[in-house]
Protein chains: 2
Amino acid sequence: MTPRTRRRTEALSRDRIVEAAVELLDAGGEAGLTFRTLTERLETGAGAIYWHVANKDELLAAATDGVVAAALAVGSPGSPPDEIRAVALGLFEAIEQHPWLATQLALQFSRSPSGSVTPRIFEAIGRRVRSLGVPAGHRFTTTSALVSYILGAAGQNAANAQSAAHANRAEFLDAVSDAWEELDAREYPFMREIAAEQRGHDDREQFLAGVDLVLAGITAVHRAG
Amino acid sequence: MTPRTRRRTEALSRDRIVEAAVELLDAGGEAGLTFRTLTERLETGAGAIYWHVANKDELLAAATDGVVAAALAVGSPGSPPDEIRAVALGLFEAIEQHPWLATQLALQFSRSPSGSVTPRIFEAIGRRVRSLGVPAGHRFTTTSALVSYILGAAGQNAANAQSAAHANRAEFLDAVSDAWEELDAREYPFMREIAAEQRGHDDREQFLAGVDLVLAGITAVHRAG
DNA sequence: ACCTGAACACCGTTCAAGT
DNA sequence: ACCTGAACACCGTTCAAGT
């Protein structure tokens, strides 16, 4: 009835639409963003949104790009490995705060490598890979490996982020551990062995340990770092 | 009118439904799998499918699990690093043949780490990580890093796989390279630098180079391998 | 130029009814 | 126990009509 956060007289714009989309995605995940919920929140009609945005895919791409750009904007000067860790952690935290981002990043990367998200992340990592001393012919492959790890790991952590926000994180990890321990002993000996290790692990520590592992590999292969 | 591949008298079963789902996904991507297209192909009603499968999410999970299980079944004994490369390549090729798998794997991992796909992949990689000589307290983290890389890289290659199937692969790479070369010179110096490198790269080679990079990191950190 | 809102084609899911 | 198929609530998108 009575709008609280916005005056209905405020003009519609692409930025306001994307902003509202991010809020809806944060609140309700991908299912929370609908042209119905969006028109309701913006107090407008469906056609008005289509005037500013081509379709839902473009809207999701714009929301993803905005969040990623903000996450990469934090620039803390340091050694190349430290900067790579900072960039990686920035993306990790962005996905922690916006769990829907993990799936969207995967979609952006696989569907349109010439979009805006792929270049942004590649550029942020790639510059530091160059500073690391990786020779010219190997920079694309090396950067790609780092980006692959970061996105893969961040995607795996999206679930944990959601569970941490809603319920008790310890309960979530316990449930996963319990499920792993109940797996068939002959088919899944390794899973049963690491179930305990999983139970108490820290996502962020594990993520950064993986970054360090890849960095150690780069050093070993290229004697750079 | 006249069914060709199946006799309509053949009984419905969960396996037949999942099999048909995979075929539809392969042919038309995620948009190609619909309860309408599925009932049409199976010459049945919607309710019949719901008798065997709880909902669409479960159907997608079953389709993903089936393809992954088949991909991991190829066991070629060798040194631990060789076996890791073989497992990774098996998943890479499965995604190459079933591009929809990349997104589904990301969803399975982030939504239900206690499902069947996560344990399968973790077990296949983790056993070899143990054989590699990684000490007990580090196996979960190390395996997780490898799996993250594999899934992240495979996801990035899903687009290439699709373009390779339909149009000319060289044309696709050229288009991406061209887009990268047209980026702003001040904001994207690195992307412009590696555009040429991207143009002629081989996905499989690059993927395996990344696996070797992570393996080199594991060796460097744990003196194992 | 920008917005309204009814209408369209389609989706996943349910369920009373059949065999 | 297994299947049918109409019906329901919802979705993204379009478009004639307004200002």
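Chain A is the first sequence line, chain B the second, and so forth, proteins listed ahead of strands; every chain is numbered from 1.
- Stem list for DNA chain C (at least 3 consecutive Watson-Crick or G-U pairs, distances under 3.5 Å): C:4-8 with D:12-16, C:12-16 with D:4-8.
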| query | Once each nucleotide of nucleotides 4-9 of chain D is scored for protein heavy atoms under 4.0 Å, what B/S/- sequence comes out, 5' to 3'? | reply | BB----
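- Under the salt bridge (charged side-chain N to carboxylate O under 4.0 Å, His left out) criterion, A/Asp178 pairs with A/Arg199, sequence neighbours left out.
- Interface residues of residues 50-62 of chain A facing DNA chain D, ordered by number: A/Tyr50, A/Asn55, A/Lys56; criterion, heavy-atom separation under 4.0 Å.
- Residues satisfying the side chain to side chain contact (heavy atoms under 4.5 Å, CB included) test with A/Ser114, not counting sequence neighbours, are B/Ala179.
- For B/Arg130, the salt bridge (charged side-chain N to carboxylate O under 4.0 Å, His left out) test picks out A/Glu193, with sequence neighbours left out.
- Annotation: C/dC2 and D/dA17 have their P atoms spaced 22 Å apart (nearest Å).
- For the side chain to side chain contact (heavy atoms under 4.5 Å, CB included) test, residues two or more places apart in sequence or in another chain that qualify with B/Ala195 are B/Ser177, B/Trp180, B/Glu181.
- A search for side chain to side chain contact (heavy atoms under 4.5 Å, CB included) contacts involving A/Ala86 returns A/Ser76, not counting sequence neighbours.
- With ring centers used as reference points, A/Phe122 lies 6.0 Å or more from B/Tyr188.
- The salt bridge (charged side-chain N to carboxylate O under 4.0 Å, His left out) check on B/Glu123 picks up B/Arg127, with sequence neighbours excluded.
- Computed from coordinates, the B/Glu30 CD to C/dC11 P distance equals 14 Å when rounded to whole Å.
- For B/Arg204, the side chain to side chain contact (heavy atoms under 4.5 Å, CB included) partners are B/Leu89, B/Phe92, B/Glu93, B/Glu96, B/Asp202, B/Leu208, not counting sequence neighbours.
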Side-chain donor-acceptor distances from residues 56-74 of chain A under 3.5 Å, at least two apart:
residue	atom	partner	partner atom	Å
A/Lys56	NZ	A/Leu33	O	2.9
A/Glu58	OE2	A/Arg14	NH1	2.6
A/Thr64	OG1	A/Leu60	O	2.8
A/Asp65	OD1	A/Ser116	OG	3.0
A/Asp65	OD1	A/Arg120	NE	2.9
A/Asp65	OD1	A/Arg120	NH2	3.4
A/Asp65	OD2	A/Arg120	NH2	2.9

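- Evaluation of the salt bridge (charged side-chain N to carboxylate O under 4.0 Å, His left out) rule for A/Glu40 yields no partner, not counting sequence neighbours.
- One can place CZ of B/Arg14 at 17 Å from C1' of D/dA1, the figure rounded to the nearest angstrom.
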